[in-house]
2 protein chains.
Amino acid sequence: MTYSTAQPPSLSDRLTEAILGIIRDQDLGPGDAIPSARELAKRFELTTPTIREALRKLEATGAVEFRHGSGTYVGPTINNVVLANPHRPPITKQSVLQLIGARLVIEPAVARESALSRGEQNLERLEAAVTNALVPPGGPAFALNFHVELAAASGNPLLEEVLASLLKVRLREQQQIRQLYDNRERDHEEHRAILDAVRAQDAEEAERLTREHLDNIRAAVDAADFPELS
Amino acid sequence: MTYSTAQPPSLSDRLTEAILGIIRDQDLGPGDAIPSARELAKRFELTTPTIREALRKLEATGAVEFRHGSGTYVGPTINNVVLANPHRPPITKQSVLQLIGARLVIEPAVARESALSRGEQNLERLEAAVTNALVPPGGPAFALNFHVELAAASGNPLLEEVLASLLKVRLREQQQIRQLYDNRERDHEEHRAILDAVRAQDAEEAERLTREHLDNIRAAVDAADFPELS
DNA sequence: AAAGGCTAAGTGATTTAGTCACTTTGTGAC
DNA sequence: GTCACAAAGTGACTAAATCACTTAGCCTTT
C-alpha cells in the first residue's frame, strides 16, 4: 500500500507559491492590492482561468481577497500559521461539548501565562472586551472577544491564533452557547473577575477562575436541550 | 470606516457549499470519489472552469484531492475544524521560538489531561511513537508523532487537531529542531519518561516532565546558531 | 464652492468550445 | 494466464469573448 499519495506539485501549486513570492518580495501587507488576474496572466504566460484557480486556493486560506470590480487584495490571515477551516462540518451537541472540552484544557494554562506576561495595552483591550460584551444588542461579530484577547495578552501570537481559530470555526456554536448560558450577566461578571486576576498578575487565580468559568459554561450546555442541527 | 468587508456569498462560495452538501448527503468519506468536473458542470448548469475554481478552494483546505487522469476524491482533512495553513510564511528563529513558546503553554496541560483519560489503545500508539522515533534514518513523515499521539490520548479530537496543526505547519522548523536538539537519544529518553507517567496516570508528573522536555528543547534552539532562512 | 449624477476605464465573474495529458479498464493476442 | 494495447473517462489548460461591478474623474446643477 502506497501510503503517501505525494503527487508532483501541480502548476496551480507552483503558481500560488509564485504569487505569494510576489507578495513577499514587494512586502505587501493585508489590504494591499495585488496585480490583476489579467496582469498576472500576462506575466506568467498563462490564461486567466488558470490564474483564478490559484487565486481561489489562496482565497480559501484567507491569503487573498477578491473585491468584485475593484481588484484582488492581500487578505487578513496571510501570516497566520493555523487556520479555522472555512468548510466546517455541521454542528452537533457533541461537537459543542468537544469544543468546550478543548478550551478547558488550553485556556486555563493560557490565562496563567497571560497573567504573568500581560502589558498595559493588553489590559486596555481586555477592559474593552469586557465592557463591550454588554453593548451590542444584536451586535456584529467584530467586537473584541474576551477569550481571544486573553490569549493575545500572553504575548505569543500563535496562542492568539489557536484560540481565535477554535472560536471562529465554532462561531455558530458560540452564539448558541451565549444564548444558553444565562443572560450574559454572569458571563460578564466572570470575565471581569478573570481580568482582575490578570491585572493583579495572580496567575494561580486567573487559571482557577478561567477553569471555573468554562466549567460553568459546559454545565449550562450539557443541561440544555439542544436545538436541531441545520 | 466600514470595518466588516462582508461581501455577499459569491457563486464560488455557494458552489463549495453545494459540493460539500453532496459529499455529506451521500455520506462520502476520505478517499471516496466525487463526481467529475464535467458531471458537476452539467448538474449545476455551469462550466468547468467555474467548477474547478470551487474545487480548488476545497483542495486548499484538504477537503478534496485531485488525481490527474483519475478523478477528484474526498480529502483527509474534510472533518477537521482547525487547519495548518498550507501557504505558510517563511521560517525565522523567532518563529521557531514562538512555536515552542506556544507548545510550552498548551502541551503540559494536554499531558495532564491525557494522563487521566488515556485508554489502552492510546498507550499502544504512544509506545509505537516512542519506539519508531529511533527507527527511520531519513524516514518519511508518516511516522507517528509522539506529541500528537499524546494529545490524541486525551480523547478529544480537537486537541489532537490543534497539536497536529501546530506541528505540521512548522514541520520544517521541527526538522531543524530535531537536528539541533542533541542526537535524539535524549529526546527518546524524555518521551519515554512522559509515557511512563501517562501510563501510571500520574497527571502531575506528566505535566512536569512535558514542561521540562519543552524547556530543554527551547534552550537548545535558543543557544544554537540558526541556519539561514530559505 | 459644494453636491450630485454621468461616463469611461479597469477589474472580477463567467461562458463557450476546444486540445492535451494522464489513468484506468477491458479486450484480444500470445 | 499474462502482457500489450486501444479506448474511454478524467483532470489540466488554452483561447477569446461577454457581462457585472467598482472607482475615479468630469461635468452639471445647486
Side-chain angles (χ1 to χ4, degrees), chain A residues 1-19 22-23 26 28 30-76, chain B residues 1-19 22-23 26 28 30-76:
Chain A
M1 173 184 182
T2 52
Y3 203 87
S4 179
T5 325
Q7 296 178 238
S10 67
L11 172 56
S12 196
D13 289 331
R14 282 176 284 138
L15 242 190
T16 57
E17 285 302 322
I19 293 171
I22 291 177
I23 293 174
Q26 304 192 359
L28 302 178
D32 292 338
I34 67 175
S36 73
R38 289 175 176 85
E39 164 68 22
L40 290 172
K42 267 185 217 157
R43 201 180 303 191
F44 292 108
E45 298 185 318
L46 296 169
T47 53
T48 53
T50 308
I51 300 289
R52 287 179 62 81
E53 279 185 32
L55 288 174
R56 284 291 186 200
K57 287 184 66 168
L58 293 174
E59 187 204 17
T61 64
V64 308
E65 238 179 43
F66 291 100
R67 292 184 212 159
H68 190 168
S70 174
T72 310
Y73 299 81
V74 176
Chain B
M1 175 183 182
T2 52
Y3 204 88
S4 178
T5 324
Q7 295 176 240
S10 68
L11 171 56
S12 196
D13 289 331
R14 282 176 282 135
L15 241 190
T16 57
E17 286 301 322
I19 293 171
I22 291 177
I23 293 174
Q26 303 193 0
L28 303 179
D32 292 340
I34 67 176
S36 74
R38 288 174 176 85
E39 165 68 23
L40 290 172
K42 267 185 217 156
R43 199 181 302 191
F44 291 110
E45 297 184 317
L46 295 169
T47 52
T48 52
T50 309
I51 300 290
R52 286 179 62 82
E53 278 185 32
L55 288 174
R56 283 292 185 197
K57 288 183 66 168
L58 293 173
E59 186 203 18
T61 64
V64 307
E65 236 177 44
F66 291 101
R67 292 184 212 161
H68 190 169
S70 173
T72 310
Y73 300 81
V74 176

Q: Using the side-chain contact (heavy atoms from CB on, under 4.5 Å) rule, take B/Glu59 and B/Glu65 through it: C-alpha gap first, then chi angles, then the decisive distance, then the call.
A: CA-CA 6 Å; B/Glu59 186 203 18; B/Glu65 236 177 44; over 6 Å; no
**Q.** side-chain contact (heavy atoms from CB on, under 4.5 Å) between B/Ile34 and B/Leu55, worked out
**A.** CA-CA 11 Å; B/Ile34 67 176; B/Leu55 288 174; 4.0 Å; yes
Q. side-chain contact (heavy atoms from CB on, under 4.5 Å) between B/Thr72 and B/Leu58: does it pass, once the steps are laid out?
A. CA-CA 11 Å; B/Thr72 310; B/Leu58 293 173; over 6 Å; no
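Atom CG of B/Leu55 and atom C1' of D/dC13 are 15 Å apart (whole Å). One interatomic measurement links the two molecules: CZ of B/Arg67 to C1' of D/dA12, which rounds to 17 Å at whole-angstrom precision. Regarding B/Tyr73, its OH atom lies at a distance of 8 Å from the P atom of D/dG11, rounded to whole Å. For B/Glu65 and D/dA12, the CD to P distance is 12 Å, given to the nearest whole Å. The nearest whole Å value for the distance from the CD1 atom in A/Ile51 to the C1' atom in D/dA15 is 14 Å.
Using a distance-only test at 3.5 Å, with no hydrogens or angles considered, no donor-acceptor pair links the side chain of A/Ser70 to the main chain of A/Arg67.
Contact check on A/Glu39 versus A/Arg43 returns a salt bridge, with a Lys/Arg side-chain nitrogen under 4.0 Å from an Asp/Glu carboxylate oxygen.
Of the residues in residues 36-47 of chain A, those lying under 4.0 Å from DNA chain C by heavy-atom distance are A/Ser36, A/Ala37, A/Arg38.
Projected onto DNA chain D by closest heavy-atom contact, A/Thr48 and A/Gly69 fall at different nucleotides, the more 5' of which corresponds to A/Thr48. Heavy-atom nearest nucleotides on DNA chain C were determined for A/Pro49 and for A/Thr72, and the one closer to the 5' end corresponds to A/Thr72.
A cation-pi arrangement is found for B/Arg56 relative to B/Phe66, the charged atom lying closer than 6.0 Å to the ring centre and inside a 45° cone about the ring normal.
You'll find the side chain of B/Leu15 reaches within 4.5 Å of the side chain of B/Leu46, heavy atoms only. No side-chain heavy atom of A/Tyr73 sits less than 4.5 Å from a side-chain heavy atom of A/Val64.
Taking every nucleotide of DNA chain C with any atom under 4.0 Å from a non-hydrogen atom of chain B, the first and last of them, 5' to 3', are C/dT14 to C/dT23.
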